[in-house]
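Here the structure comes first, spelled out in structure tokens, and everything after it is commentary.
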Amino acid sequence: MGNLIMTDLSQKADDNTYEKLRQNIIKIIEGFCTDVFNHHAITVTPPSNNTHGDLACNALLIAAKALGQKRSEAIETIKLKLPACEDILKIDIIGPGFINIFFKPTYWQKQLKKVLSMKENFGHTLEKNGSKINIEFVSTNPTGPLHVGHGRSAVLGDTLARILSACGYDVTKEYYINDAGNQVNHLAASTHLRYLETLGEKINASQFTADMYGGDYLIPLGQHIAKIDGKKWHKWDQETLVYFRKTSVDYLMEGIKNDLNLLNIEFDIFTSEQKLIDEERVKQAVDYLQKQGYLYRGFLDKPLGHDGEDYEAREQLLFKTTDFGDDKDRALFKSDGTYTYFASDIAYHYDKYKRGFDACIDVWGADHIGYVQRLKAATKAIANKDLEIVIAQMVNFLEDGKPYKMSKRAGTFVTLREVIEDIGADSFRFMLLSRQHDTKYDFDFHIVREQSKDNWVFYVQYAYARICSVKRRFQELWPDKNFTNEYLEYLTWDNEFSIIKLVNDFPRHVLLAAQHREPHRLVHYLYDLACAFHTLWSEGRAKEYRFIEPDQFELTCARLCLLEAIGFTIKSGMTMLGVSLKEQM
RNA sequence: GCGCCCGUAGCUCAGCUGGAUAGAGCGAAGGACUUCUAAUCCUUAGGUCGGGGGUUCGAAUCCCUCCGGGCGCGCCA
């Protein structure tokens, strides 16, 4: 796991109020301890119940044993020393021994100013931390357009990249093109049939065997080649094969890139499997493993979970991945002497680490779960690195509880493009990100089409639009003025402070999302923030609370500052999720 | 058989490297529009956190075990 990365992040937080307090409390407690205690277990976090103050620390509980008799002395010192900090209003020590910290209103006003100065960058770690992360995702075979099932891992990978780079990492987004296997020969042959069809030959569906690609999407390519080259490729020979392989892969990759762009996804680098093989990188990797003594000649058992009718035991060269945590050893060569996919994947990951990344993350669909241990074992063996693999579980696409127009034409599928054109990239991204990525998800299009609280992306976008509408109103009233942050002391109401506190908590959620590789935390945070805003908007009305008071400029400025901070937070968060915002709905 | 994931309110899900009285939305019942867009908001009802053990000041969270569900296990990629 990425423990290295997690430590990095927590050490990064020296400007963080929580971390400062934590260090102070630890220092005080250490002075009274006769024994060691686990510093790492001590946390300073906002308590779930706001009557317990603004921050709570569990240090006394963690260090209870180490403190022994001196516990009450430590408590006295904490109560004495911490309030010396000008921001702290009071310290309570209650319950089983939580240190509850209450801040003065001036502290929150100060924090608000900080948010305003960072604008849409609020939540970002501004200075680079020097770590290079490679994140590889999508990487589907270039044998057809992306289908809707690819959406989740695509969005997950892209969003993780955005969040990690917001946290100061140097992130490279990579796509590995599997353009070497047998499937590409089948692809070339399929395109060739479409080409012949364009030239007027009678092609019937049965000529597309099960291994081939009979979907309509190759027809335009066949037509295109016929138009450019006429009958030049009529004969199926080696030269034709090479040409059709390359042309087909290029064509489909172009389509895949376009579809991904629709989803707001762009890659930094595309790596070709065929190129690795041509440059003998796979050979080098296998030779290296051989030299290390990890390879041997042996037999593999008949695979389980299949009928295995066509299985034949065969002596072959095996990689002893079981020494590195895999549950069986793996083959590197097929019976025809070419490399297995696994062999080139080893070379590929070896290559990534050699390019100098401190961490590599692969984002895969659930259908590759069985491959995790194998590849982790291999990268451990060849590069002595722990590859990190994030799994996006299956998504069931539904329309009002029923399967979403699945398999409407024989041999085809619902493409990613048609879904995005149907519901839009914003909804698609936001909803797919709203759930923990390693649990399966029933995605209902019916909900996404609604404009209501059920549709989360709408709800958050609506909050942002409301904020913009208040700002427009301000400009109408005071056309020649801007609201300044000089009057924040006019913010006095409890509900205003609760929302400042929520805004202030945003960077912590960003770090957590990055550390755990869990963008859904941000989605939930933004939903909660939007909810708090809508509450302030409406609940305030009962108390005749208005953001804009036409005859009180200072008060209005203060409230507009609060709205502005909420707006920056929403903007920052939504940008990390790759979702857009509108100033008017 | 083995590996990974999941089991929290009627439904869909949050729950922070273990923390205080387990939280949202939907659905159900009731209420709020002379407004900065009611595309919203407020009440109320609803839970032995799948069962059982263990670890400790403390467990929805960690460990073991059982039950139930999903995905995957090949010389495919």
Side-chain angles (χ1 to χ4, degrees), chain A residues 3 6 10 40-41 43 45-49 51-52 56 58 61-62 64-65 94-98 100 139-141 143 178 180-184 211 273 300-306 308 310-312 314 316 326-328 330-336 338-342 344-345 365-374 391 393-394 434-436 438-442 444 447 450-456 458-459 461-463 465-467 469-474 476-477 508-509 512 515-516 520-521 523-524 527-528 531 534-542 546-548 563 584-585:
Chain A
N3 285 333
M6 296 183 59
S10 52
H40 194 60
T43 57
T45 50
S48 49
N49 183 336
T51 62
H52 292 140
N58 60 355
L61 296 163
I62 300 297
K65 270 189 186 155
I94 54 163
F98 289 101
N100 291 337
S139 297
T140 55
N141 289 339
T143 53
N178 301 136
N182 239 325
Q183 82 280 4
V184 183
D211 289 334
E273 180 186 3
L300 280 178
D301 291 338
K302 183 174 158 180
L304 293 158
H306 294 262
D310 52 353
Y311 174 78
E312 268 177 58
R314 176 173 76 86
Q316 56 188 327
D326 199 2
D327 56 351
K328 53 185 95 153
R330 306 291 175 175
L332 297 176
F333 293 94
K334 299 185 227 168
S335 53
D336 65 4
T338 58
Y339 294 112
T340 58
Y341 178 76
F342 183 47
S344 49
D345 221 5
D367 50 340
H368 289 83
I369 277 183
Y371 197 67
V372 170
Q373 282 185 319
R374 182 183 323 185
I391 296 291
Q393 270 294 348
M394 308 267 303
S434 68
R435 304 289 165 75
Q436 220 170 37
D438 60 355
T439 68
K440 71 184 168 83
Y441 180 16
D442 291 331
D444 199 323
I447 291 170
E450 259 178 35
Q451 297 204 330
S452 74
K453 204 169 179 178
D454 235 3
N455 182 357
W456 290 20
F458 163 77
Y459 187 71
Q461 285 173 328
Y462 183 45
R466 274 184 153 176
I467 289 170
S469 111
V470 179
K471 281 161 66 181
R472 283 195 297 272
R473 178 95 181 106
F474 177 92
E476 284 165 28
L477 280 170
R508 194 174 65 92
H509 287 271
L512 284 170
Q515 284 170 354
H516 294 269
H520 78 277
R521 291 165 187 266
V523 174
H524 284 268
Y527 184 79
D528 289 346
C531 184
H534 287 304
T535 300
L536 189 64
W537 173 291
S538 314
E539 195 189 297
R541 188 178 37 181
R546 292 284 182 283
F547 295 117
I548 290 179
L563 289 194
Q584 241 166 328
M585 297 302 281

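Note that this is a predicted model, so its numbers are computed, not measured. What you see below is based on every heavy atom in this structure, not just the backbone, and it leaves out hydrogens, waters and symmetry mates. Chain identifiers are assigned alphabetically (A, B, ...) following the order of the sequence lines, protein sequences preceding nucleic acid strands; residue numbering begins at 1 within each chain.
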The dot-bracket string of RNA chain B, counting Watson-Crick and G-U wobble pairs with both distances under 3.5 Å, using [ ] for crossing pairs and | for pairs to another strand, is (((((((..((((.....[...)))).(((((.......))))).....(((((..]....))))))))))))....
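For A:Lys328, taking side-chain heavy atoms from C-beta onward, the closest of the listed nucleotides B:C73, B:G74, B:C2 is B:C73. Minimum atom distance to the side chain of A:Asn141 is reached by B:A77, of the listed B:A77, B:U40, B:C71. In this structure, of B:C6, B:C13, B:C36, it is B:C36 that holds the atom nearest to the side chain of A:Phe547. For A:Arg508, the listed nucleotide lying nearest its side chain is B:C16; candidates were B:C42, B:C71, B:C16. Comparing atom distances between the A:Phe458 side chain and each of B:U40, B:C5, B:C41 picks out B:U40 as nearest. Picking from B:A20, B:G3, B:A77 the nucleotide with the shortest atom distance to the side chain of A:Pro47 gives B:A20. Ranking B:C71, B:U40, B:C36 by closeness to the A:Tyr459 side chain, first place goes to B:U40. Between B:C4, B:U40, B:A77, one nucleotide has an atom nearer to the side chain of A:His534 than all others, and that is B:U40. Of the listed nucleotides (B:G15, B:C75, B:C5), B:C5 has the atom at the smallest distance from the side chain of A:Gln393. Of the candidates B:U17, B:G19, B:C6, B:C6 carries the atom nearest the A:Gln436 side chain, counting heavy atoms from C-beta on.
Atoms NE2 (A:His516) and C1' (B:A14) sit 14 Å apart, rounded to a whole Å. The nearest whole Å value for the distance from the CG atom in A:Leu512 to the C1' atom in B:C16 is 6 Å. Here B:A77 presents its C1' atom at 6 Å from CD of A:Gln183, a figure rounded to the nearest Å. We find that NE2 of A:His520 is positioned 18 Å from P of B:G25, with the value rounded to whole Å. As rounded to whole Å, 11 Å separates atom P of B:C75 from atom NZ of A:Lys334. One can place CH2 of A:Trp537 at 17 Å from C1' of B:C42, the figure rounded to the nearest angstrom. Distance A:Tyr462 OH to B:U40 C1': 5 Å, rounded to the nearest Å. Straight-line distance from the CG atom of A:Asp326 to the C1' atom of B:G3: 10 Å, rounded to whole Å.
Every residue two or more places apart in sequence or in another chain that forms a salt bridge (charged side-chain N to carboxylate O under 4.0 Å, His left out) with A:Arg473 is listed here: A:Glu476. The ring pair (Phe, Tyr, Trp, His ring centres under 6.0 Å) search around A:Phe474 returns A:Trp478, A:Phe483, not counting sequence neighbours. Partners of A:His509 according to the side-chain hydrogen bond (donor to acceptor under 3.5 Å, both in side chains) rule, which considers only residues two or more places apart in sequence or in another chain, are A:Asp505. With sequence neighbours left out, A:His52 forms a ring pair (Phe, Tyr, Trp, His ring centres under 6.0 Å) with no residue at all.
The side chain of A:Thr535 contributes an N or O atom lying less than 4.0 Å from OP1 or OP2 of B:C42. Close to B:G74, at under 4.0 Å from its OP1 or OP2, lies a side-chain N or O of A:Arg374.
A:Phe333 has its side chain out of reach of A:Thr338: every pair of non-hydrogen atoms, C-beta onward, lies at least 4.5 Å apart. Between A:Asp211 and A:Asn182, the closest side-chain pair of non-hydrogen atoms is not below 4.5 Å. Within the 4.5 Å cutoff, the side chain of A:Leu332 has no heavy atoms near those of the A:Tyr339 side chain. Contact of the A:Arg472 side chain with the A:Gln584 side chain is registered, since non-hydrogen atoms from C-beta on lie closer than 4.5 Å.
Ranked by how close their nearest RNA chain B nucleotide is to the 5' end, A:Ala180 and A:Val470 are led by A:Val470. For the pair A:Phe342 and A:Thr43, nearest-nucleotide mapping onto RNA chain B gives the more 5' position to A:Thr43.
A:Ser344 and A:Glu273 are linked by a side-chain donor-acceptor pair at a separation below 3.5 angstrom, with hydrogens and angles left out of the test.
A donor-acceptor pair under 3.5 Å is formed between the side chain of A:Asn58 and the backbone N or O of A:Thr43. Of the possible donor and acceptor atoms, none in the side chain of A:Ser538 sits under 3.5 Å from a partner among the backbone N and O of A:Thr535.
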For nucleotides 56-63 of chain B, give me every protein contact, N/O to N/O, under 3.5 Å, one pair per line with atom names.
none

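At a cut-off of 3.5 angstrom, counting only N and O atoms as typed in the model, there is no donor on one side facing an acceptor on the other between the side-chain of A:Asn58 and the base of B:A20. At a cut-off of 3.5 angstrom, the base of B:C6 holds no donor-acceptor pair with the side chain of A:Thr439. For A:Arg521 and B:C16, a side-chain-to-base donor-acceptor distance below 3.5 Å is absent, hydrogens and geometry of angles not being considered.
Straight-line distance between the P atoms of B:C6 and B:C42: roughly 32 Å, to the nearest whole Å. Between B:G47 and B:A60, the two C1' atoms lie 12 Å apart (nearest whole Å). Nucleotides B:G50 and B:G31 have their C1' atoms positioned 38 Å apart, rounded to a whole Å.
Ring geometry, A:His524 versus A:His520: the interplanar angle exceeds 60°, so the pair is classed perpendicular (tilted spans 30 to 60°).
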